[in-house]
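Order of the sequence lines fixes the chain letters, A, B, ..., with proteins taken first and strands second; residue numbering starts at 1 for each chain.
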Amino acid sequence: MPRAAVIRFPGSNCEFETARVLKRSGIDSRIYNWNDIDLLSYDRADAYVLPGGFSFQDRIRAGVIASRESIMDLIFEEAVNGKPILGICNGAQVLLESGLVPGWKPGSVQAALAGNLAPGRSGYLSGWVNLKAEPEAISKCPWLCAMTEEPIPVPIAHAEGRFVFREEDIKKVKNHIGLTYCGESGTPADGWPENPNGSTLDIAALMNTEGNVLAMMPHPERCFNLWQVPPGMDGPWGELRRNSSMKDIEEHPGPGAVIFKSLAKYLGVE
Amino acid sequence: MSEIPNRDELRNEVTSRGLAMTIEEAEKLAGYVNRMPTPLEFHLFDTMWSEHCSYKSSKPVLKTLPTDSPGVVIGPGEDAGVVSFCRHDGREWDLVVAHESHNHPSQVLPVEGAATGVGGIVRDVYCMGARVTGSMDLLRFGNPEGSTGETTRGIVRGVVEGIWKYGNALGVPNMGGDTEFHPGYNDNCLVNVVAFGVVPHDRVVHSFVPEEAHKEPYVLILTGKPTDDTGFGGATFASADLDGEQGMGSVQVADPFLKRVLSEANQAVLDMLFEKGIKFGFKDLGAGGIACVTSELAAHGGLGIDVDLDAVPVSIQNLPPEVIACSETQERYGLAVPASVADDVLSVYNEKFELPRLFPHCRAAIIGRFNSKPVYNVVCRGSNAAETPINYITEGVVYEREESPVENNLPEPAERPCDPTADLTKILTSISGCSREHIWSYYDSEVQGATRLRPGEADSCVSVPVEGSRAGLAVSGDGNPWYGELDPFLGGAHAVGEAVRNVVATGATPICATDCLNFGNPEDPKAFWQFKQSVAGIAEACNALGFSGADYPLPIVSGNVSFYNQSTGGKAIPPSPIVAVFGKIHDHRKATDIVLRKEDNLILLVGTRKDELGGSLFYRTCLDYHGGTVPVFRGSLEKRMAEWVLGVVHENRAHSVHDISGGGLAVAGAEMALASKKLGIKFSLDSNPVTLFSETPGYLLEVDPRFVEDTTLPEFVSVAGTVCRGCSVSGNGWSVDLASLRKEWSDKLASVIWREEGV
């Protein structure tokens, strides 16, 4: 069975559910502490996940201190080796701060996740959004390869999720888009709240050039099961949730499962 | 200092140290130690004898609450209550629940006060060995629109910010709660916090040094944040009337990051101790800091202890011994373990989890040794800072307070004009009746990946807390200040009743409850009478609403009393008993929510409407009238209604369920439609204020039309309407288009309270 390593930094808080959904997808997963470097160097894994949370209390900037931890040298090495690497929420912030995504200049920070921009509010925002995968991303990203053109609803929970870039880089960015925020039927996001944080080009997840490293703000591990979908939600997933039998509500995969199913498919899990 | 001091000498000490203890109490203390008490002894006993810690006014009254039921593992007395929850994979799992107030600090410093409120309550659950799987905040604020509105708005924003900044970072999902506004809270907001978690039954940890410490040497390890001077005198601050901004220095400073790392480190330590089969004691540091944790761990295990304050990791040098011992620095725990494993424990904290690298001056350290001499002995910089017979510390004090009834017989209004369309619109767009969504939108209710129903989707939040098990946990907290104000007994009884209904509406059977009793100054006979009335109301409701078979009550397993919720110049708050109820749904797949499912389904009304609109949203919002008869609490009917609803849900025949409370049947129907977005309800009832707006307890149930053909409805159930297409609610001669009202309903709170932020 392929193996995934979930890296816990001080202040991570989504490591358990992330490890759990990987297991449920047929991938053996294990949580490693930030200082289990020797152990992880020895074990290695077929994929790596940096889970959500508030690593190092978001001191200075979200993700910046964790990105300087020694264990990131190992993640860097594995990224270069082409191993699939996923950062969710705070994990995405760590990937951007480490320069792995978008990865134009290894080791140098090329993009940022800035504070949410929403009318009349600041700070944290929890809620559900719709996401759509870019066709090119489906073909080259191991975390998206099982996706279709159909949008999926996924929850967000962050205060700094707005992808921002240098003006001159915007053109290059387009080749790195993994997921965008969109309307319920897949139409481009019509401002807030479909784009919940003012992210540039409605970006919800950004890849490196090769596509093996994905920095994703929404939380697919929180909607792995159909029973986690809100009962009042619009669209086909809401419909499915409301009309599901007791058997289906437990056994039917939730909208976020496709991210982990993608990895399973990529790693050849039957 | 060897002679017994006289009254004047004691009075000088008490005054100059700013203590809350009475002269009689100071004399009692001097008698215990047979000399002038040391500063540390003064502060230690001042804390232990404070209302907050000793329950000296409330203890005799609290004894009247039912606490016993077959599922109760640990009732009131330890840091949290424990009840059995489910069996999974051959293992018994328990539910751990705790409930507290953090009112005074939140009024003075809202962000820090509310944050440390969450921080304190989760520690109580963690220290029973549990993983915390949820928290809930029950908030009471003044009028955000009135003359003091600006202050209140700032407090609301600060409290919400404190809650999200702490809870979200800690990774504990917010499982709702409620928010009420009443001018009686203008000078004293209430921030009640509830936390809960699960633990395997054989891994429940106690907060005292174990038996084994009589046979082999045990040490006390202090872990967590380095001690500073924050929160010095916190318990005393909570036990006096609030006087302006005084007491700011008594508010603690929270650190969710450190708490998160500590929680995992604690779990690793507990895992190690359980694996080795070692007995230990574990307790969090709250009121009274090191002094309380060391003396209580020892005294409750029948031992004495030598504490070395020089061994305490501190972040400020040269603090006086009484500050090191009694400050309420957050994020600390005390652990009583055999000396032989102390090094292993220290290495988990200091090496595996690298506390010293993550936080300046932070580390776990041995600060005390237990012994068989029944003395509490503290040494600091070579001299004795305390030397007291240890049993006196935990013995406590009790007072019999006087009571005097408050007459509040306000008549019914002379006239009750009613225009259902206009009145319902007015209620739904009022500050009391509008959506609380803007508040929840700051809270993370899904971290841990076990959330089944979030705030707003059902009458209570539901989670699936034991991995792999289908057992669902439903939680709700309630308390209506408008009822409490008119009738404190009914305020207490309906707090239980409504929380029970909210849990039942999701298909969960109530298994236990907690309470937080928020009142004015207990030395005022009127406030004390209100307190006694509310406790009697809670007791009556709990005795009527047990679901464990036979005559067992719904047990109160943990709680807190918060007196002195009044400012020195102003009025006391309305009597505010707040109750949380915890329910279990055997198979979470059967859980029901408030979202309407299908056009032409029938809406059943459970609970015949009565003319009892006192304290109702209709009187307050539409008639601007603040009197009348509060709904009667009908215990046996409430229980029969709950059992009937549970039966329908368990047979999978209820498509959606919503309880009837604030705003009555019309508001309950509107809320179901608003949650459904594309469906609504057409009521077939008379359009009078009693039918539409009376808050007589009850439920609305959505069922298939065939249900009424093959089921005999009990006398308290009738058909009230049908589900219709379109987001609206209507009846004979009235109709409210909720699709067009939605924006105002959902934005109202933000537009009033967050207006200073440009909403």
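- Proximity of a side-chain donor or acceptor of Asp58(A) to a complementary backbone N or O of Arg61(A) within less than 3.5 Å is not detected.
- Of all the listed residues (Lys247(A), Met233(A), His219(A), Arg59(A)), the one sharing the greatest number of non-hydrogen pairs under 4.5 Å with chain B is Arg59(A).
- Tested against Leu679(B) for a side-chain contact (heavy atoms from CB on, under 4.5 Å), the candidates Asn601(B), Val595(B), Val723(B) yield a single pass: Val723(B).
- The contact between Arg260(B) and chain A is made entirely by side chain atoms (from C-beta outward), counting heavy-atom distances below 4.5 Å.
- Listed by sequence position, Ser12(A), Asn13(A), Cys14(A), Glu15(A), Phe16(A), Glu17(A), Arg20(A) are the residues of residues 12-20 of chain A in contact with chain B, using a 4.5 angstrom heavy-atom cutoff.
- Within residues 459-472 of chain B, the residues that have a heavy atom under 4.5 Å from a heavy atom of chain A are Val464(B), Glu467(B), Arg470(B), listed by number.
- Contact check on Glu69(A) versus Arg357(B) returns a salt bridge, with a Lys/Arg side-chain nitrogen under 4.0 Å from an Asp/Glu carboxylate oxygen.
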Under 3.5 Å, side-chain donor or acceptor atoms of residues 150-158 of chain A against the rest of the protein: list the pairs with distances, not counting sequence neighbours.
{"residue": "His158(A)", "atom": "NE2", "partner": "Asn197(A)", "partner atom": "ND2", "Å": "3.0"}

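- Per-residue heavy-atom pair counts under 4.5 Å with chain B were compared for Gly11(A), Pro231(A), Gly232(A), Ser245(A), and the maximum is reached by Pro231(A).
- Not less than 6.0 angstrom separates the ring centroid of Trp164(B) from the ring centroid of Tyr443(B).
- Here the closest heavy-atom approach between residue Arg242(A) and residue Arg597(B) is recorded as O-NE, 3.5 Å.
- Interface remark: Leu170(B) contributes backbone atoms only to the contact with chain A (heavy atom separation under 4.5 Å).
- For a residue to count as touching a neighbouring chain, one of its non-hydrogen atoms must lie under 4.5 Å from one of that chain's; by this rule Asp593(B) touches chain A with the side chain only.
- Contact check on Glu651(B) versus Lys590(B) returns no salt bridge, with no Lys/Arg side-chain nitrogen under 4.0 Å from an Asp/Glu carboxylate oxygen.
- In terms of heavy-atom proximity, Lys259(B) sits nearest to Tyr166(B) at NZ-OH, 2.6 Å.
- Trp440(B) contributes atom CH2, which lies 9.0 Å from atom CD of Glu457(B) (distance to the nearest 0.5 angstrom).
- To the nearest 0.5 Å, the span separating CE on Met147(A) from NZ on Lys261(A) amounts to 13.5 Å.
- With respect to chain A, the highest number of heavy-atom pairs below 4.5 Å among Lys678(B), Glu437(B), His655(B), His588(B) belongs to His588(B).
- Under the side chain to side chain contact (heavy atoms under 4.5 Å, CB included) criterion, Lys165(B) pairs with Glu161(B), not counting sequence neighbours.
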